Structures are given as C-alpha cells and as structure tokens.
Amino acid sequence: METQVSNFIRSIVAGDMAAGKNNGKVITRFPPEPNGYLHIGHAKSICLNFGLAEEFNGHCNLRFDDTNPSKEEQEYVDSIMADVRWLGFEWGDRLYYASDYFGRLYDWAVQLIKQGKAYVCDLSFEEMRQYRGTLTEAGKESPYRTRSVEENIDLFERMRKGEFPDGSKTLRAKIDMRSGNINMRDPVMYRSKHEEHHRTGNKWCIYPMYDYAHGQSDSIEGVTHSICTLEYEDHRPLYDWYLDELGIHHPQQIEFARLNLSHTVVSKRKLLRLVNEGYVSGWNDPRMPTLAGIRRRGYTPEAIRNFCERVGVGKKESLVDMALLEFCVREHLNKTAPRVMAVLRPFKVVITNYPDQEEYLDAINNPEDPDAGTRKVPFSKVLYIEQDDFMENPPKQFFRLAPGREVRLRYAYFIKCENVVKDDHGEITEIHCTYDPATRGGDAPDGRKVKATLHWVSAQHAIDAEVRLYDTLFTKEEPDDVEEGKDFTDYINPKSLEIRNGCKIEPSLKDAKHGDRFQFERLGYFCVDAVDSKPGSPVFNRTVTLKDEWAKIQKML
RNA sequence: UGGGGCGUCGGCAAGCGGUAAGCCAGCAGAUUUUGGAUCUGCCAUUCCCAGGUUCGAAUCCUGGCGCCCCAGCCA
C-alpha cells in the first residue's frame with residue numbers, strides 16, 4: 001500500500017465532501033483525445049482522476065474527446081483503453097464519447113443563439129485573426145455580430161445541413177472582444193468540417209470546438225471535479241460562461257501542472273515525430289515514454305502508479321528526475337522478480353580440476369520472497385562468466401576475478417584463476433581456474449572469505465539469447481530546451497539501444513513467456529520482449545539496471 | 001497597468017501565524033553467497049528579494065525580481 005501525501009486537489013475534493021457539496025458525490029473523468037498513444041504524463045492524470053474517485057467512493061469516467069474528425073482514429077481509442085486497463089483502472093460502463101453528445105450540444109447552441117449569446121460569423125480565417133486583436137490590444141467586433149436571432153438560427157441550421165463550404169462560416173459565442181483574456185473574444189463554438197468522423201460517420205459536417213464541448217460534456221456526465229492541465233487555466237472563464245449561460249450542472253474545473261520527465265519528451269507532437277521519422281521502431285518502442293513502450297520495456301503498473309503518487313500534484317511546472325521512475329520499478333521488481341543467471345558478454349572459463357560431469361546446484365529464486373522457492377542450476381567443467389568480472393591487471397578497488405585470485409561462483413564453488421589463454425592477437429580466449437570441492441554451494445568450511453560472487457552459466461547447458469540494453473532516449477536532461485538553430489532530435493542518444501547477441505542464459509529460462517520479468521543477477525531487471533521473442537530464439541529487454549557501486553567507482557578512476 | 005499562473009534542499013514536495021515533514025539523488029558506516037537488497041547516520045538556522053505588521057512570518061500586507069502559459073475554424 002502506497003503512502004499518500006496531501007495535494008491541493010485532494011484537499012479541495014475532501015473539503016467539498018466535508019461541506020456536503022454535490023450531494024457528497026465525487027465524479028471525475030479522464031478525457032483523452034484519441035489522436036495518439038498515452039504516455040507517462042497521461043498516467044499521472046489517470047492516477048489522479050481514477051485515484052480520487054476510488055478514494056472518495058465516486059466514479060471516474062473514460063471519455064474520448066473526439067470533436068475533431070481530422071485527427072482522430074479508432075487505433076488510438078483501442079490503445080488508450082488497453083493502456084488504462086493495464087495501469088489497473090476500470091471504468092465499468094462509464095465509457096463515453098464527446099461525439100455521443102453532438103445532438104445535445106447542437107440544441108444548446110441553438111439555445112444560446114435564442115438567448116442572443118451566439119451568432120453565425122462569415123469572417124475568413126485571416127479576417128478573424130485580425131479582428132481578434134493581439135495580446136496587448138483589444139479586438140474588434142465582427143460585422144456579423146448583430147445578425148438577428150432568426151437569421152442566426154437559419155444560418156446555423158444550414159451550416160448543419162452542409163450548405164456552406166468549410167471555412168466560410170462559424171458559430172461564435174457573443175462575449176467580449178475587449179477582454180484581456182483572448183479566449184473570451186467571441187470564441188468559435190462550431191466550425192464546418194465536411195469530414196467523416198470515426199464514430200458518427202457522415203452524420204455531421206459541423207463539429208464543436210473543445211471549449212464548447214468539454215464543459216457541457218462534463219455537465220452531462222454529472223462530473224463534479226474536472227481536472228485538467230495548467231494551460232487550460234485561461235479557458236476556465238469560458239468553461240464557466242457556457243455552463244452559466246446554459247444554466248446547467250456546473251462542474252468545477254481545477255488545473256494542475258503536467259508531468260515532465262528528464263531525458264525524454266512528453267508531447268504528442270514530438271512523440272509522433274519520433275515514430276514517423278524513424279528514430280524509434282514505433283509507439284511501443286521500449287525507449288518511448290508511452291505506456292505501450294514502458295510496458296514493453298518491462299515496467300509494472302504498480303511501479304508507475306507508485307511513481308505518480310510520489311511525484312505529487314501541484315501547480316508548479318517541474319522536471320522530475322528519471323531516477324525516481326527507475327527507483328520505483330526497482331523497488332517493485334526487487335520484491336517480485338525471480339532471480340536468474342545470464343551472461344551478456346561471455347568469457348569462457350575452464351575449471352581444470354573439475355571432472356567431466358555435470359551436477360545440479362540449488363539456487364534461490366528470490367531472496368526477498370521465501371515463497372518463491374529454489375531451483376536447480378546445472379554446473380559443469382566449462383562455464384561462461386561476464387567479461388566485466390575479470391581483469392588481468394586490476395586496480396585495487398576491483399575485487400572480482402583476476403590472476404591468482406579466488407572468488408565465489410554463486411551457489412556453486414570458490415574458483416581460483418590459475419592462468420589465461422590468449423590468441424595470436426593477445427586477446428584472452430579462455431580463463432583457466434581450479435575449484436575447491438569443499439566449497440560446494442558457496443561456503444568454505446574453513447571459514448575463508450572471498451571478496452566477490454560472480455554469476456555464471458554452464459556452457460553446455462546455456463541457451464543463446466538476444467538481449468537489448470536501453471539507455472535514455474535523449475542525452476540532454478531537458479530535450480525540450482533547445483538551443484538556437486537546433487531541434488530536440490539533435491539530442492537523441494546514439495547509444496539508447498545496444499543489441500547483444502550470443503548472450504548465455506540459464507536453461508530454466510527455456511519456457512519464459514512474453515512479458516515475463518526476471519532479475520538477471522548482478523545485472524538488472526529484464527523481460528521477454530512481447531514482440532520479437534520467439535520460442536527457440538528468445539529476446540530480452542533490459543527494463544532497468546541494478547544499482548551499481550562498481551560502475552560508480554569506475555567512473556571516478 | 002493585456003490577461004492568467006508559479007517561485008520552499010541538487011530533483012520532486014509537505015507546510016495554511018507558533019518557530020522547515022517525506023521521497024529521489026548524494027555522502028558516510030553496518031550487514032550481505034547479487035559491489036543488489038536491507039539497516040543506521042549526515043544532507044534548508046532557512047523558504048526569490050526588499051520593506052512592513054506581529055511576542056512570533058515560508059505562511060499576513062506592500063513593493064520589486066524571475067520563470068511559464070495565451071493571439072488554431074487544435075485539444
């Protein structure tokens with residue numbers, strides 16, 4: 001159970017509950033536009049909205065904000081639903097689409113026209129831009145602003161029927177062209193778009209704008225707290241205006257700062273570019289901050305939810321360190337992932353005094369979880385160890401295998417390096433060691449100690465595997481912060497993916513299935529790639545490394 | 001005098017007039033058949049700055065400074 005820290009939205013909701021507002025009900029909603037894949041930033045919003053509903057015994061609706069047919073696709077609605085479920089949230093029968101409300105939205109628009117609060121405007125894009133004014137100068141009223149109610153109703157009706165070409169007419173709210181808030185300068189409510197919608201087909205050729213659709217959709221659903229990101233703060237007066245003019249249920253809009261994560265980008269536009277321009281293999285590339293990518297990388301929903309709770313909710317724009325996300329996965333995987341031995345860069349070791357035989361040794365599946373039990377690992381005369389675990393001329397801080405030195409092979413024996421075999425180029429091809437039969441299992445009866453324990457895999461029993469090692473997608477902490485003349489893609493990390501073939505993994509991994517997660521002892525957490533792994537040619541993704549004291553020391557050497 | 005926000009440790013973040021929580025990172029030590037995990041200790045006399053109110057201010061007032069967002073018939 002994760003510990004909760006108070007945040008201002010939780011406080012507002014709790015206060016409203018205590019005051020008996022909304023009949024003591026809390027209804028939130030997660031309203032994605034189906035025009036891209038969900039990413040870690042959305043996860044924060046999902047956790048916030050669904051979390052609040054859970055916490056206060058309310059409901060959270062999943063509503064697709066599909067008011068713009070030119071950008072939205074079914075592929076995205078499917079992926080969004082899969083991602084929300086994967087995160088662990090259920091909306092039950094509360095699945096909605098803004099497009100379901102097109103009829104009511106239209107009727108309300110007519111009502112506003114009748115109230116003299118909306119009019120059909122013939123200004124072109126360019127004219128409207130000019131009439132809007134600037135940030136520091138007031139706008140001018142449209143010459144069409146004074147059309148009669150009858151004419152407006154007639155024109156709007158004909159817009160609906162598709163009598164006018166796209167771009168020639170809009171329905172606008174009649175508010176205040178001199179407002180300091182540009183959103184209030186007679187914002188467009190409806191525009192003509194002779195385009196097929198992924199759900200309503202060709203039924204409509206006028207579509208409502210976000211500002212006009214969102215609040216009313218919230219209202220229809222009985223939403224009590226409409227939580228959105230900071231950039232909508234300026235829109236709140238408009239959100240309130242529509243609801244007040246219509247005289248319908250009025251949810252409270254609350255804005256919070258979106259999540260920014262170091263060494264990555266969290267903007268749909270940029271993620272789309274990474275996909276379209278081939279910097280990554282797709283929306284689910286394990287380096288992507290999308291939920292699909294993160295999932296394929298091996299992250300767990302528990303880790304993501306915990307992360308979202310830890311980053312908090314506020315109004316200050318911030319950049320959260322990737323290290324926190326990594327901490328959260330390690331924390332969860334440490335408790336749950338079975339341990340296994342795998343050698344990524346094999347060095348052949350021959351135990352010269354070991355008989356030509358094989359034996360099976362007991363290995364603990366997860367020291368953090370006694371119920372995980374043990375397994376048998378085969379041992380034999382020829383083994384593989386990690387290249388990084390041997391140095392011919394080690395510095396004094398290195399206490400792994402070196403000539404003349406004794407170390408422990410995990411769950412097996414103490415071995416001592418007697419000599420190395422080199423090829424014509426002076427490259428080491430084999431390490432010859434002797435073992436101490438008395439140390440079977442890893443303890444010396446005479447009580448002598450070794451400084452290091454190495455993981456290993458028996459050569460004749462090993463399975464070959466491909467392992468993909470990932471690093472951050474960007475080298476820059478804040479890739480959005482581009483220098484003059486550069487683009488965020490200039491900061492892409494050329495080493496974000498390293499593919500290692502011929503890795504040696506222990507035989508117990510033979511039946512590992514897509515998505516299965518393991519700790520490769522001393523290396524990190526890995527999962528079976530859900531896309532490319534095949535029986536007989538397994539592929540593993542490194543989710544995250546283990547904390548590595550030695551790596552830290554090496555950097556300082 | 002366009003409008004709207006935000007400024008508490010290296011990164012997040014509590015705090016709401018009573019004398020700076022917690023987490024990540026970092027550092028030091030203990031422990032360890034993963035240089036993992038675990039455990040201990042250290043890490044903001046100070047809250048953007050300057051005045052003011054008060055017995056007492058990160059919290060209230062005034063004035064500065066800095067940063068972010070807004071001129072789509074996108075969301």
Side-chain angles (χ1 to χ4, degrees), chain A residues 3 5-7 11 31-33 35 65 67-68 70-72 121 123-125 128-130 132-139 166-172 178-185 187-193 206-207 209-211 213-214 228-237 255 257 262 268 309-328 330-331 334-335 339 341 363-364 367-368 397-400 408-412 414 439 441-443 449-455 477 519-524 545-553:
Chain A
T3 41
V5 176
S6 89
N7 66 58
S11 303
E33 181 188 12
N35 70 341
D65 222 328
T67 55
N68 186 349
S70 23
K71 294 164 60 183
E72 297 149 5
C121 182
L123 254 27
S124 66
F125 288 89
M128 201 180 286
R129 195 173 61 74
Q130 287 166 354
R132 188 157 35 232
T134 68
L135 292 179
T136 53
E137 299 163 71
D166 293 1
S168 63
K169 282 182 169 51
T170 56
L171 181 72
R172 296 227 260 163
R178 298 194 346 274
S179 173
N181 182 346
I182 290 176
N183 293 303
M184 300 300 271
R185 320 240 259 230
V188 171
M189 293 166 59
Y190 270 94
R191 74 294 209 179
S192 292
K193 263 181 189 290
I206 56 171
Y207 292 92
M209 299 288 291
Y210 165 86
D211 285 306
H214 203 89
C228 60
T229 45
L230 251 30
E231 67 269 27
Y232 291 103
E233 212 147 19
D234 287 342
H235 296 244
R236 193 183 342 125
E255 311 85 12
S262 74
K268 276 189 196 168
E309 186 58 36
R310 278 179 218 247
V311 294
V313 181
K315 298 194 71 155
K316 183 174 69 172
E317 292 185 71
S318 57
L319 182 68
V320 175
D321 197 328
M322 183 72 92
L324 180 60
L325 216 210
E326 295 187 335
F327 168 83
C328 291
R330 285 195 192 103
E331 180 183 51
N334 175 48
K335 294 188 189 99
R339 271 58 169 176
M341 293 197 282
I364 294 166
E368 304 293 319
Q397 294 95 327
F398 182 88
F399 40 81
R400 273 111 90 147
R408 169 169 42 232
L409 290 181
R410 182 143 230 224
Y411 301 125
F414 283 13
T439 58
D443 279 309
K449 302 288 184 201
V450 287
K451 296 267 284 184
T453 299
L454 311 188
H455 60 276
E477 189 175 55
Q519 184 196 98
F520 286 1
E521 292 217 32
R522 306 208 299 135
L523 297 174
T545 60
L546 248 30
K547 273 214 225 163
D548 191 345
E549 197 66 32
W550 169 237
K552 215 184 282 180
I553 293 167

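Since the model is a prediction, treat every value here as computed from it, not as a measurement. In what follows, chains carry the letters A, B, and so on, assigned in the order in which the sequence lines appear, proteins first and then strands, with residues in each chain numbered from 1.
- As judged by a 4.0 angstrom heavy-atom cut-off over every strand, N7(A) is placed among residues touching the sugar-phosphate backbone only.
- With a glycosidic angle no more than 90° from 0, rG72(B) adopts the syn conformation.
- Considering only side-chain N and O atoms, S179(A) lies nowhere under 4.0 angstrom from the phosphate OP1 or OP2 of rG3(B).
- Closest to the E549(A) side chain, of the nucleotides rA75(B), rG36(B), rG11(B), is rG36(B).
- As judged by a 4.0 angstrom heavy-atom cut-off over every strand, L123(A) is placed among the base-contacting residues.
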Would E137(A) and R132(A) count as a salt bridge (charged side-chain N to carboxylate O under 4.0 Å, His left out) here? Give the steps. CA-CA 9 Å; E137(A) 299 163 71; R132(A) 188 157 35 232; over 6 Å; no

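- The side chain of E368(A) approaches rA37(B) more closely than any other nucleotide in the set rG72(B), rA37(B), rA75(B).
- Position along RNA chain B of the nearest nucleotide to K169(A) versus R178(A) favours R178(A) as the more 5'-ward residue.
- Nearest to the side-chain atoms of M209(A) among the listed nucleotides rC73(B), rA71(B), rG5(B) stands rC73(B).
- Residue-level contact check: K335(A) touches neither bases nor backbone, having no heavy atom under 4.0 Å from any strand.
- Nearest nucleotide to the R191(A) side chain, out of rG35(B), rC73(B), rA25(B): rC73(B).
- Between Y210(A) and rC74(B), no base-stacking contact is recorded for ring centres under 5.5 Å apart and planes less than 30° from parallel.
- With sequence neighbours excluded, the residues that form a salt bridge (charged side-chain N to carboxylate O under 4.0 Å, His left out) with R129(A) are E126(A).
- Applying the 3.5 Å distance criterion, the base of rG3(B) shares a donor-acceptor pair with the side chain of D234(A).
- Annotation: of the two residues near RNA chain B, S168(A) and E137(A), the 5′-most nearest-nucleotide partner is E137(A).
- Remark: the H455(A) side chain and the R522(A) side chain contain an N/O donor-acceptor pair separated by less than 3.5 Å.
- Note on M184(A): nothing from the nucleic acid sits closer than 4.0 angstrom, heavy atoms only.
- Annotation: the span from Y232(A) atom OH to H235(A) atom NE2 amounts to 7.0 Å, rounded to 0.5 Å.
- R310(A) comes within 4.0 angstrom of sugar-phosphate atoms only, judged by non-hydrogen atoms across all strands, and of no base.
- The residue R172(A) sits apart from the nucleic acid: no heavy atom pair falls under 4.0 Å.
- Proximity note for L135(A) (side chain, C-beta onward) versus rG4(B), rG2(B), rG5(B): the nearest is rG2(B).
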